[in-house]
Q: 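Sharing a structure with you now.
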Amino acid sequence: MSEPRVVSPGFHARVYARVREVEPGYVTTYGDVAAALGTPRVARHVGWALSALDDDSTPWHRVINSQGRISYRGDTGRGELQRALLEAEGIVFRGDRVDMRSCRWRFEPG
DNA sequence: GGCTTGACTAATG
DNA sequence: TCATTAGCCAAGC
């Protein structure tokens with residue numbers, strides 16, 4: 001099958017490709033991204049891949065943990081930024097959590 | 001080739 | 001709801 005899938009040299013590139021599918025106003029989880037890649041056990045690598053992100057074209061802020069919370073990385077300040085970006089896109093926060101009931105992105109199979 | 005790391009997850013109390 | 005524990009696996013050294 002010569003599917004035009006991303007056959008990148010690393011796991012991260014696949015993560016980025018999936019994350020870019022997420023549209024504004026939606027959020028997804030590390031586990032969902034990992035599952036979309038066919039490896040639901042590598043949720044940690046999704047986060048790790050995003051930590052190495054240096055690309056504004058990848059909506060890393062739309063990826064949060066399964067509890068609907070932002071993984072705060074201490075002094076990076078990105079946790080605050082992430083919430084700000086999500087709120088700017090219309091994501092509803094309830095306390096420190098995202099209301100994923102209505103904002104959770106659904107990855108298409110394949 | 002093996003150990004350590006990690007923006008996770010699910011289960012348990 | 002929160003804290004703790006165990007499992008998971010690719011990347012980096």
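Every value quoted in this text rests on a predicted model; they were computed, and no experiment measured them.
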Q: Suppose the criterion is salt bridge (charged side-chain N to carboxylate O under 4.0 Å, His left out): which pairs have a residue in residues 83-92 of chain A, not counting sequence neighbours?
A: R62(A)-E89(A), R83(A)-E87(A), R83(A)-D96(A)

Q: With 3.5 Å as the limit, what N/O pairs link the protein to nucleotides 2-5 of chain C?
A:
from: dC2(C); atom 1: OP2; to: R97(A); atom 2: NH2; distance (Å): 3.0

Q: I'd like to know if the side chain of Q82(A) and the backbone of V63(A) have a donor-acceptor N/O pair within less than 3.5 Å.
A: yes

Q: Under the side chain to side chain contact (heavy atoms under 4.5 Å, CB included) test, which residues partner S57(A), sequence neighbours left out?
A: R20(A), D55(A)

Q: Would you mind building the protein contact string for nucleotides 7-13 of chain B? One character per nucleotide, 5' to 3', B for base within reach (heavy atoms under 4.0 Å), S for sugar-phosphate only, - for untouched.
A: BBSS---

Q: Going by ring-ring contact (aromatic ring centres under 6.0 Å, His included), name the residues that satisfy it together with Y26(A), two or more places apart in sequence or in a different chain.
A: W105(A)

Q: Any chance you could measure T29(A), atom OG1, to I64(A), atom CD1, to the nearest 0.5 Å?
A: 8.0 Å

Q: Testing the basics here: between C103(A) and V92(A), what is the closest heavy-atom pair and its distance to 0.1 Å?
A: SG-N, 4.4 Å

Q: Could you pull out all donor-acceptor pairs under 3.5 Å where a side-chain atom in residues 35-49 of chain A meets a protein atom, sequence neighbours excluded?
A:
none

Q: Residues in side chain to side chain donor-acceptor pair (under 3.5 Å) with R104(A), at least two apart?
A: D32(A)

Q: Which residues pass the side chain to side chain donor-acceptor pair (under 3.5 Å) test with R106(A), not counting sequence neighbours?
A: none

Q: Using both pair distances under 3.5 Å as the test, note the stems of at least 3 consecutive Watson-Crick or G-U pairs that include DNA chain B.
A: B:2-6 with C:9-13, B:8-13 with C:2-7

Q: If every non-hydrogen atom of V19(A) is compared with every non-hydrogen atom of W60(A), which pair is closest and at what distance?
A: CG1-N, 4.2 Å

